[in-house]
Every structure is written in C-alpha cells, then in structure tokens.
Amino acid sequence: MKTPQVQRYDAGQRSNHWAVVTCFVLAAASGFALFHPALFWLSNLLGGPQWTRILHPYLGIAMFVLFLGMFFMFVGANVWRKEDSEWLGKAGAMISKGNAVKMPAVGKYNGGQKVVFWLFTLCLVVLLVTGVMFWQAWFAASVPIPLQRVAVLLHALAAFVLVLGVIVHAYAAIWVKGTLGAMVRGSVSSAWARHHHPLWYRDQMKASKK
Ligand code: HEM
C-alpha cells in the first residue's frame with residue numbers, strides 16, 4: 001500500500017532549488033580554483049583558467065538571481081516565531097539524544113532551517129556586493145584599491161560561511177530521513193510532516209478539506 005503523501009514543493013520550486021545548487025557547485029569550484037594554487041586543478045571543470053576567471057562572476061550572479069526567486073517564494077515561511085527560539089534551544093539535546101527529546105511543534109520550517117535560510121541570504125548579498133567591487137572586467141577600476149582589498153576579504157569570508165552552511169543544510173536533508181524526497185518528488189509522507197512540522201501539517205489538512 002502506498003504511504004499517504006503531502007505536497008511540499010511544486011515543480012517550479014524544485015527546479016529553482018536545483019538550478020541554484022548547480023550554480024553554487026560551479027561558482028564554489030571555480031572560486032576555490034582562484035583562491036589557492038593547491039585548488040587550481042578545479043579550473044579544469046570550466047575549461048581552464050581563463051574561462052574560470054571569466055565565468056566565475058557570471059555564475060555568482062546567476063546563483064544570486066535564481067536564489068532571489070527562492071527567497072520570495074519561501075520568505076513568508078521563514079519569518080521567526082517564538083516556537084523557533086524554543087526549538088533552537090533544544091536542538092543540541094535533540095542531536096545528542098535523538099527522539100528522546102520532546103521538541104516544540106513548528107510550522108513549515110524549524111528554527112535551524114530558518115537560521116540557514118537567513119544565513120544563505122546574508123552570504124549571497126555580501127558575495128554579490130563585494131564581488132562586483134573587485135570585478136576587474138567591469139567595475140574594479142572605479143573602486144579604490146584599499147576598499148577592493150576589504151571586499152576580497154569579506155568575499156572569501158562569506159563564501160566560507162556559505163559553503164559551511166550548505167554542508168550543514170545538505171547533511172540535515174540526508175540525516176532527517178524522508179526529507180530529500182521533498183526536493184526530489186515534491187512530496188513527503190504524512191507521518192514525516194506530522195512528526196517534523198506538525199503546525200504545517202495541520203494547516204495543510206485544513207486547506208485540503210476546504
Ligand atoms: C547538494 C546540496 C543540497 C541539498 C541536498 C539540498 C536539499 C534540500 C532539501 C531536501 C530541502 C527541503 C527541506 C524541507 O522541505 O524541509 C531544501 C530546501 C531548501 N534549500 Fe537546499 N539543498 C542543497 C543545496 C542548497 C543550496 C546551495 C541552497 C542555496 C544557497 C539551498 C537553499 C535551500 C532553501 C532556501 C530551501 C528552503 C528551506 C528554507 O527556506 O528554509 N539548498 N534543500
């Protein structure tokens with residue numbers, strides 16, 4: 001018998017997400033290649049060093065623009081609520097003790113997911129603004145050198161935080177069984193929804209009865 005499912009993402013939202021992931025992987029790989037000689041071999045991914053240098057900023061802009069789509073679709077569900085602070089306070093115990101810890105009921109996203117959402121947003125804004133400031137082909141000539149140096153530093157810092165954030169995000173998506181299906185098929189099992197996001201599940205059930 002087929003497990004009852006609840007729709008979580010439509011096809012447009014999923015395509016948007018995986019397009020952002022593709023840009024992220026290519027922008028991160030090309031950024032690493034430009035960052036340190038030990039990682040220079042990654043430039044082969046984009047057809048050599050010249051192409052890497054040309055394409056990296058455009059990939060970053062594509063990622064930003066595509067992320068904007070996700071931002072506007074998901075921002076409403078990522079507004080901070082009091083149950084999120086409570087959830088975050090208990091997250092440490094939940095990670096070490098698992099299901100033995102009773103977590104507060106949350107909506108479509110939990111406190112951890114919301115922190116990651118806002119962290120992604122902040123990092124992408126910093127990456128865009130600072131990247132433009134030292135983009136040699138277009139804008140760098142009109143930015144004073146000391147300012148460009150600060151921009152390079154902040155760009156690397158934001159990229160580092162973003163990469164760490166994506167590792168945590170992807171790990172959590174695999175660790176919480178049944179989550180990946182949300183972004184692959186678009187649906188989750190009713191049991192998953194009831195267990196991890198009871199307030200969202202309740203709203204979905206109410207909406208489906210209307
Ligand atoms: C291989 C890497 C990735 C995997 C496996 C992955 C997987 C997932 C999954 C399964 C969800 C659904 C979670 C849920 O509905 O509870 C999700 C949501 C989401 N993902 Fe990813 N993702 C990856 C990379 C990224 C990247 C690079 C970004 C953006 C920089 C991103 C941004 C988001 C956002 C904004 C959401 C909606 C959740 C929210 O708004 O809090 N993901 N991802």
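Atoms within a ligand are numbered from 1 in the order they appear, just like the ligands themselves.
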Worksheet item: To the nearest 0.5 Å, how far apart are CZ in Phe117 and CE in Met70?
Response: 8.0 Å
Fill in: Atom pair CD (Gln136) and CD1 (Ile54), whose distance is rounded to the nearest 0.5 Å
13.5 Å
Item to complete: State the CH2-NE2 distance between Trp135 and His155, to the nearest 0.5 angstrom.
Response: 11.0 Å
Discussion item. Give me the nearest non-hydrogen protein atom to atom 3 (C) of ligand 1 as residue plus atom name, then the distance to 0.1 Å.
Written reply: Ala170 CB, 4.0 Å
Worksheet item: Which of parallel (below 30°), tilted (30 to 60°) and perpendicular (above 60°) describes Trp200 and His197?
Response: perpendicular
Worksheet item: Is the count of non-hydrogen atoms from other residues, nucleotides or ligands lying under 6.0 Å from Trp51 atom CH2 greater than 12?
Response: no
Worksheet item: Is the Lys NZ or Arg CZ of Lys114 less than 6.0 Å from the centre of Phe120's six-membered ring, within 45° of the axis?
Response: no
Response to the item:
When distances are taken from atom 28 (C) of ligand 1, the protein heavy atom at minimum range is Phe120 CE1, 3.7 Å
Fill in: Phe74: numbered ligand 1 atoms lying under 4.0 Å from its heavy atoms
37 (C), 40 (O)
Worksheet entry | Point-to-point distance, once rounded to the nearest 0.5 Å, from CE of Met133 to OG of Ser142 | 10.0 Å
Worksheet entry | Distance from atom 11 (C) of ligand 1 to nearest protein heavy atom, with residue and atom | Met183 CG, 3.4 Å
Worksheet entry | Spacing of Phe40 atom CZ and Leu42 atom CG [to the nearest 0.5 Å] | 10.5 Å
Worksheet item: Roughly how far, to the nearest 0.5 Å, is NE2 of His169 from CG of Leu119?
Response: 12.0 Å
Worksheet item: Is Tyr9 in polar range of ligand 1, meaning some N or O pair under 3.5 Å apart?
Response: yes
Fill in: Identity and separation of the nearest protein heavy atom to atom 34 (C) of ligand 1
Met70 CE, 4.0 Å
Worksheet entry | ligand 1 N/O within reach of Thr179 N/O, cut-off under 3.5 Å | no
Practice prompt. Quick one: look up the protein heavy atom nearest atom 40 (O) of ligand 1 and list residue, atom name and how far away it is.
Written response: Asn78 ND2, 2.8 Å
Worksheet item: Is the closest N or O pair between His17 and ligand 1 shorter than 3.5 Å?
Response: yes
Worksheet item: Would you say Gln113 and ligand 1 have an N/O pair spaced under 3.5 Å apart?
Response: yes
Item to complete: Only heavy atoms count here, so choose which of Tyr109, Phe117, Trp192 is nearest to atom 38 (C) of ligand 1.
Response: Tyr109
Discussion item. Ignoring hydrogens and geometry beyond distance, is a side-chain donor-acceptor pair present between Trp80 and Ser85 at under 3.5 Å?
Written reply: yes
Worksheet item: Can you list the ligand 1 atoms lying under 4.0 Å from a non-hydrogen atom of Ala173?
Response: 7 (C), 10 (C)
Worksheet entry | Within reach of ligand 1, part of His196 (heavy-atom separation under 4.0 Å) | neither
Practice prompt. Would you indicate which of Val116, Leu119, Val21 comes nearest to atom 26 (C) of ligand 1 when only heavy atoms are counted?
Written response: Val21
Worksheet item: Which of the numbered atoms in ligand 1 are below 4.0 angstrom from a heavy atom of Arg8?
Response: 14 (C), 15 (O), 16 (O)
Discussion item. Nearest N/O/S atom of His169 with respect to atom 21 (Fe) of ligand 1, by atom name, please.
Written reply: NE2
